[in-house]
Amino acid sequence: MIDGLPNHLLFADRIHKTYPDGKVSALVGVSLVVRESEFVAITGRSGCGKSTLLNMLGALDRPDSGEVYFRGTPLSTRQDLDRFRARQIGFVFQAFFLLPTLTARENVQVPMFEGPPLSTRARAKKADELLDQVGLTGRASHRSSQLSVGERQRVALARSLANDPVLLLADEPTGNLDSENAERILDLLVRLKHERKLAMLIVTHSSEVAARADRVVRMKDGHVTEGPAR
């Protein structure tokens with residue numbers, strides 16, 4: 001536990017990231033706290049560092065300097081980052097990244113192979129339960145080419161919950177959706193956040209998404225400006 005941050009889940013402490021060849025400073029001394037069960041929206045213009053920050057917080061990349069802590073433990077000291085990501089963090093991307101040869105049920109099961117051991121039957125049962133939670137009970141046996149864009153995003157969301165993460169990181173999860181499907185995904189995210197007591201960090205250009213967050217973090221040129229908590 002870090003002094004003064006008794007309720008934090010994530011703590012980015014003065015992290016810097018520069019690339020390529022030292023010419024672009026993506027993050028400049030960024031510090032950020034994400035608390036347990038908190039919904040934080042990250043906003044800002046394209047190229048301001050939002051996705052880079054998300055990658056650092058999700059242990060998909062390492063900062064050049066500074067540190068990211070997860071429940072008080074610095075990520076730089078962990079030797080099991082693949083296992084950590086698989087069991088603690090769910091990822092949702094704008095492009096979905098569903099495997100086209102697999103059904104919705106099978107796509108949701110993919111992260112389970114890196115989680116606690118489950119039998120084949122238990123994996124399928126859990127996938128069906130997750131698909132039911134996102135309103136896709138009747139679409140479990142369909143491949144991604146047979147699903148609408150909104151349905152694919154819901155499969156991706158179900159997949160992100162496969163190992164019961166405590167933190168959900170989403171990069172423009174409504175960016176490829178029309179307004180009706182975007183609202184549906186947003187409602188679903190907020191509901192799941194409360195039901196599962198998830199912390200959520202969502203990169204977005206959408207004012208509607210930001211309006212539903214507990215707190216908004218605005219980024220500009222690699223710096224952050226904290227918005228007021230609701």
Side-chain angles (χ1 to χ4, degrees), residues 8-12 15 17 32-40 42 50-63 67-134 136 140 143-144 152-173 185 188-189 191-193 195-203:
H8 85 287
L9 177 66
L10 271 179
F11 173 41
I15 60 175
K17 184 67 176 181
L32 176 69
V33 171
V34 180
R35 297 171 180 84
E36 301 275 356
S37 305
E38 184 180 30
F39 175 5
V40 179
I42 303 177
K50 302 187 302 297
S51 295
T52 300
L53 177 59
L54 207 68
N55 289 341
M56 300 297 155
L57 297 177
L60 294 172
D61 199 357
R62 293 179 182 271
E67 184 61 85
V68 178
Y69 297 85
F70 183 86
R71 287 179 169 164
T73 299
L75 294 185
S76 64
T77 66
R78 299 194 70 115
Q79 304 300 312
D80 62 341
L81 284 179
D82 289 342
R83 179 186 176 96
F84 163 73
R85 284 191 298 267
R87 299 195 175 192
Q88 300 290 348
I89 303 176
F91 295 92
V92 182
F93 302 99
Q94 183 176 358
F96 316 142
F97 296 121
L98 300 181
L99 298 175
T101 59
L102 301 184
T103 65
R105 180 185 292 113
E106 291 165 341
N107 266 286
V108 173
Q109 290 181 64
V110 169
M112 297 181 196
F113 291 96
E114 298 296 329
L118 292 173
S119 68
T120 300
R121 178 177 293 182
R123 285 196 304 270
K125 181 175 183 292
K126 187 171 187 179
D128 285 343
E129 290 171 349
L130 289 168
L131 289 169
D132 180 59
Q133 285 187 28
V134 300
L136 291 176
R143 290 182 170 83
S144 59
R152 289 177 213 169
Q153 188 60 294
R154 282 187 277 161
V155 173
L157 179 54
R159 181 186 58 191
S160 75
L161 302 173
N163 291 330
D164 302 309
V166 297
L167 172 65
L168 187 69
L169 300 180
D171 196 349
E172 295 285 2
I185 289 294
L188 186 55
L189 284 166
R191 176 171 65 79
L192 291 170
K193 181 252 186 191
E195 289 177 356
R196 289 171 168 262
K197 301 189 185 304
L198 275 171
M200 297 195 313
L201 203 69
I202 297 182
V203 164

> So, the side chain of Q153 versus the backbone of P173: is there a donor-acceptor pair under 3.5 Å, distance only?
Replying inline: yes

> What salt bridge (charged side-chain N to carboxylate O under 4.0 Å, His left out) pairs are there with at least one residue in residues 81-104, not counting sequence neighbours?
Replying inline: D82-R85

> Roughly how far, to the nearest 0.5 Å, is CG of L167 from CZ of F91?
Replying inline: 8.0 Å

>> Please find the pair of heavy atoms, one from M200 and one from L189, that lie closest to each other, and give the distance.
In response: SD-O, 3.6 Å

>> My understanding is that only residues two or more places apart in sequence, or in another chain, count here; which of them pass ring-ring contact (aromatic ring centres under 6.0 Å, His included) with F70?
In response: F84

>> How long is the straight-line distance from NZ of K17 back to OG1 of T52, given to the nearest 0.5 Å?
In response: 8.5 Å

>> If I compare all heavy atoms of T120 with all of Q109, which pair ends up nearest, and what's the gap?
In response: O-OE1, 4.4 Å

>> For E172, give me all partners under side-chain hydrogen bond (donor to acceptor under 3.5 Å, both in side chains), at least two apart in sequence or on another chain.
In response: H205

>> side chain to side chain contact (heavy atoms under 4.5 Å, CB included) for L57 and V68? Distances and angles first, verdict last.
In response: CA-CA 7 Å; L57 297 177; V68 178; 4.1 Å; yes

> Who are the salt bridge (Lys or Arg N to Asp or Glu O under 4.0 Å) partners of R143, not counting sequence neighbours?
Replying inline: none

> What residues form a side-chain contact (heavy atoms from CB on, under 4.5 Å) with P63, not counting sequence neighbours?
Replying inline: I15, M56

> Quick one: does R71's side chain get under 4.5 Å of L9's, heavy atoms only?
Replying inline: yes

> How would you list, by chain and number, every residue that makes a side-chain hydrogen bond (donor to acceptor under 3.5 Å, both in side chains) with S51, sequence neighbours excluded?
Replying inline: D171

> Does R62 have any side-chain contact (heavy atoms from CB on, under 4.5 Å) partners at least two apart in sequence or in another chain, and if so, which?
Replying inline: S76, L81

> If every non-hydrogen atom of L98 is compared with every non-hydrogen atom of S144, which pair is closest and at what distance?
Replying inline: CD1-CB, 4.0 Å

>> I'd like to know if the side chain of K193 and the backbone of S37 have a donor-acceptor N/O pair within less than 3.5 Å.
In response: yes

>> Going by side-chain hydrogen bond (donor to acceptor under 3.5 Å, both in side chains), name the residues that satisfy it together with S160, two or more places apart in sequence or in a different chain.
In response: none

> To the nearest 0.5 Å, how far apart are CZ in F93 and CG in L169?
Replying inline: 8.5 Å

> How would you list all residue pairs meeting salt bridge (charged side-chain N to carboxylate O under 4.0 Å, His left out) that involve residues 159-169, not counting sequence neighbours?
Replying inline: K126-D164, D164-R196

>> Can you give me the closest heavy-atom contact between L131 and A158, atom names plus distance?
In response: CD2-CB, 4.2 Å

>> Using 0.5 Å steps for rounding, measure from the CD1 atom of I202 to the NZ atom of K50.
In response: 13.5 Å

>> If you compare all heavy atoms of F96 against all heavy atoms of A156, which two are closest, and at what distance to 0.1 Å?
In response: O-CB, 4.1 Å

> At what distance, to the nearest 0.5 angstrom, does CG of L75 lie from CZ of F11?
Replying inline: 12.5 Å

>> Return the CG to CG distance between L168 and L192, rounded to the nearest 0.5 Å.
In response: 8.5 Å

> Considering all heavy atoms of both residues, which atom of P165 and which atom of I89 are nearest to each other, and what is their separation?
Replying inline: CB-C, 3.7 Å

>> Using the salt bridge (Lys or Arg N to Asp or Glu O under 4.0 Å) criterion, which residues pair with E129? Sequence neighbours excluded.
In response: K125

> Got a sec, which pairs hit salt bridge (charged side-chain N to carboxylate O under 4.0 Å, His left out) with one end in residues 103-124, sequence neighbours left out?
Replying inline: R105-D128

> Would a distance-only check, ignoring hydrogens and angles, find a side-chain to backbone donor-acceptor pair under 3.5 Å from N107 to L99?
Replying inline: yes

> For R191, what residues pass the side-chain hydrogen bond (donor to acceptor under 3.5 Å, both in side chains) criterion, not counting sequence neighbours?
Replying inline: E195

